[in-house]
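Below is one structure, written out as structure tokens; the observations come after it.
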Amino acid sequence: QQAKSKKTEFTPLQKNRILSLLGPGEMISFSKEKRSFAELESTLTIQRKKDIREMYEDSRENLLGKLERTITEFFVDMGFLEVKSPILIPFEYMERMGVGEDKKLSEQIFRVGDNMCLRPMLAPGLYNHLRKFDNVLPDPVRIFEIGPCYRKESDGNSHLEEFTMLNFCQMGSNCTRDELEYLIKELLDFLGIEFEIAEDSCMVYGDTIDVMHKKMELSSAVVGPVPMDMDWGVDKPWIGAGFGLERLLKAKHDFKNIKRAARSESYYNGISINL
Ligand code: ATP
Ligand code: 9VF
Ligand code: MG
């Protein structure tokens with residue numbers, strides 16, 4: 001029967017290998033495929049090597065690095081101060097963020113030694129900077145950070161255990177929902193990514209404004225103040241939003257899996273490098 005239809009049967013392992021070798025926009029119908037596994041693998045491998053060499057000739061820039069630079073330029077131009085706070089933080093910060101009570105998030109934290117952890121979010125560092133800059137910078141205080149965050153995750157297509165967060169925030173005057181939505185729209189229009197606003201809630205902040213691309217959350221945004229501010233020595237209104245850079249890349253390039261956008265030794269700019 002197989003000889004009659006000339007169709008190739010692929011093992012699950014072979015299917016995964018072929019899928020990993022497809023270009024970001026490419027599709028394949030295994031049920032209609034007539035080429036053998038070896039033929040297909042060799043054709044795709046040649047194409048992907050060509051893709052990587054083209055990237056080398058054209059720009060030599062890494063998508064994740066480039067996106068961080070692009071967003072940094074955007075916020076610096078908008079009057080936000082670029083900050084870089086520690087990635088290795090006291091676990092006590094997370095208890096102060098209220099994740100001690102939020103069982104789900106507290107179980108997702110990578111602990112380091114007895115007292116430290118890898119940050120799962122940028123808020124603690126930003127809280128400390130807002131407090132320190134309150135009597136230094138002009139009103140409203142505008143700051144942002146972009147950098148690695150870590151969470152133990154189980155499910156697939158849009159979650160990484162090591163990802164890159166952007167969190168911008170403003171404290172003082174004009175901290176309205178309109179201003180927050182304006183900044184989100186300016187950013188996503190600048191990046192050329194379509195989005196919709198939805199309402200949600202979370203344990204840490206209560207009500208959130210979620211920014212969605214199709215079914216995927218790009219960002220959770222909050223209009224402060226919130227009761228927790230007291231524990232961080234912050235006593236003014238604020239607005240802020242956290243975005244995942246790999247999710248922005250997944251949306252922009254229509255990657256089927258966020259792994260294509262991650263810090264990785266398997267993909268370069270969304271292209272397999274197991275060639
Ligand atoms: P989700 O519900 O999708 O797990 P979250 O609501 O827990 O996400 P937030 O705490 O709101 O995530 O983090 C802000 C943003 O950081 C998210 O909107 C998302 O873009 C990004 N992000 C969060 N967790 C991950 C992850 N594990 N991998 C990649 N990006 C993430
Ligand atoms: C919204 C997502 C509390 C004034 C220092 C900044 C925000 C971002 C929510 C993020 C989080 N909050 N991952 O706070 O901008 O913290 O859950 Si501030
Ligand atoms: Mg969220």
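These numbers come from a predicted model, not from an experiment. Only this structure's heavy atoms are used, side chains among them; waters, hydrogens and symmetry mates stay out. Whatever order the structure lists them in is the order used to number ligands and atoms, beginning at 1.
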* For Gly242, take its heavy atoms, then give the atoms of ligand 2 lying under 4.0 Å from any of them. => 8 (C)

* State the atoms of ligand 1, each with its element, that fall below the 4.0 Å cut-off from a heavy-atom position in Ser220. => 11 (O), 18 (O)

* Structure fact -> Heavy-atom proximity to atom 14 (O) of ligand 2, picking from Trp232, Phe243, Tyr205, points to Tyr205

* For ligand 2, is any non-hydrogen atom under 4.0 Å from Tyr127's backbone (N, CA, C, O), its side chain (CB onward), both, or neither? -> both

* Heavy-atom distances under 4.0 Å are what count here, so tell me which part of Leu130 touches ligand 2: side chain, backbone, both or neither. => side chain

* List every atom of ligand 2 that sits less than 4.0 Å from any heavy atom of Met165, numbering the atoms from 1 in the order shown and giving each element. => 13 (N)

* To do: Measure from the Mg ion (ligand 3) to every N/O/S atom of Glu217 and report the name of the nearest one.
  => OE2

* ligand 2 contact on Leu122 by region, counting heavy-atom pairs under 4.0 Å -> neither

* Quick one: do Ser85 and Glu145 satisfy side-chain hydrogen bond (donor to acceptor under 3.5 Å, both in side chains)? Show the steps, please. => CA-CA 8 Å; Ser85 42; Glu145 176 157 3; 2.4 Å; yes

* With atoms numbered from 1 as shown, which atoms in ligand 2 lie under 4.0 angstrom from a non-hydrogen atom of Arg151? -> 13 (N)

* Asked: Should we say atom CD of Glu199 is surrounded by more than 12 heavy atoms from elsewhere, each under 6.0 Å from it?
  -> yes

* To do: Decide, yes or no, whether a salt bridge links Asp134 with Arg131 under the criterion of side-chain N to carboxylate O below 4.0 Å.
  => no

* Structure fact -> If we number the atoms of ligand 2 from 1 as shown, the ones under 4.0 Å from a heavy atom of Val222 are 1 (C)

* Could you give me the CA-CA distance, side-chain angles and deciding distance for Tyr150 and Cys117, then say whether side-chain contact (heavy atoms from CB on, under 4.5 Å) is met? => CA-CA 9 Å; Tyr150 297 85; Cys117 67; over 6 Å; no

* Please lay out, stage by stage, how Arg17 and Asn274 fare under the test side-chain contact (heavy atoms from CB on, under 4.5 Å). => CA-CA 10 Å; Arg17 170 69 177 149; Asn274 294 128; 3.8 Å; yes

* Between the side chain of Ser219 and the main-chain N/O of Gly242, is any donor-acceptor distance below 3.5 Å? -> yes

* Numbering the atoms of ligand 2 from 1, which are under 4.0 Å from a heavy atom of Leu126? -> 5 (C)

* Asked: Does Ala241 approach ligand 2 within less than 4.0 angstrom via side chain, backbone, both or neither, non-hydrogen atoms only?
  -> backbone

* To do: For Ser219, counting its heavy atoms only, list the atoms of ligand 1 lying under 4.0 Å from any of them.
  => 18 (O)

* To do: Considering heavy atoms of the protein only, find what lies nearest to atom 15 (O) of ligand 2 and give residue, atom and distance to 0.1 Å.
  => Asn167 ND2, 2.8 Å

* Do any N/O/S atoms of Asp210 come under 2.8 Å of the Mg ion (ligand 3)? -> no

* Quick one: which ligand 2 atoms are inside 4.0 Å of a heavy atom on Ala123? -> 5 (C), 16 (O)

* Is Ser220 close enough to the Mg ion (ligand 3) to have an N, O or S atom under 2.8 Å? -> yes

* Is it true that Glu153 and Lys259 make a salt bridge, defined as a side-chain N closer than 4.0 Å to a carboxylate O? -> no

* Charged N to carboxylate O under 4.0 angstrom, Arg53 versus Glu57? -> no

* **Minimum heavy-atom distance between Arg260 and Leu22, given as atom pair plus value** => NH1-O, 2.8 Å

* Looking at Phe163, does the NZ or CZ of Arg151 lie under 6.0 angstrom from its six-membered ring centre and within 45 degrees of the ring axis? -> no

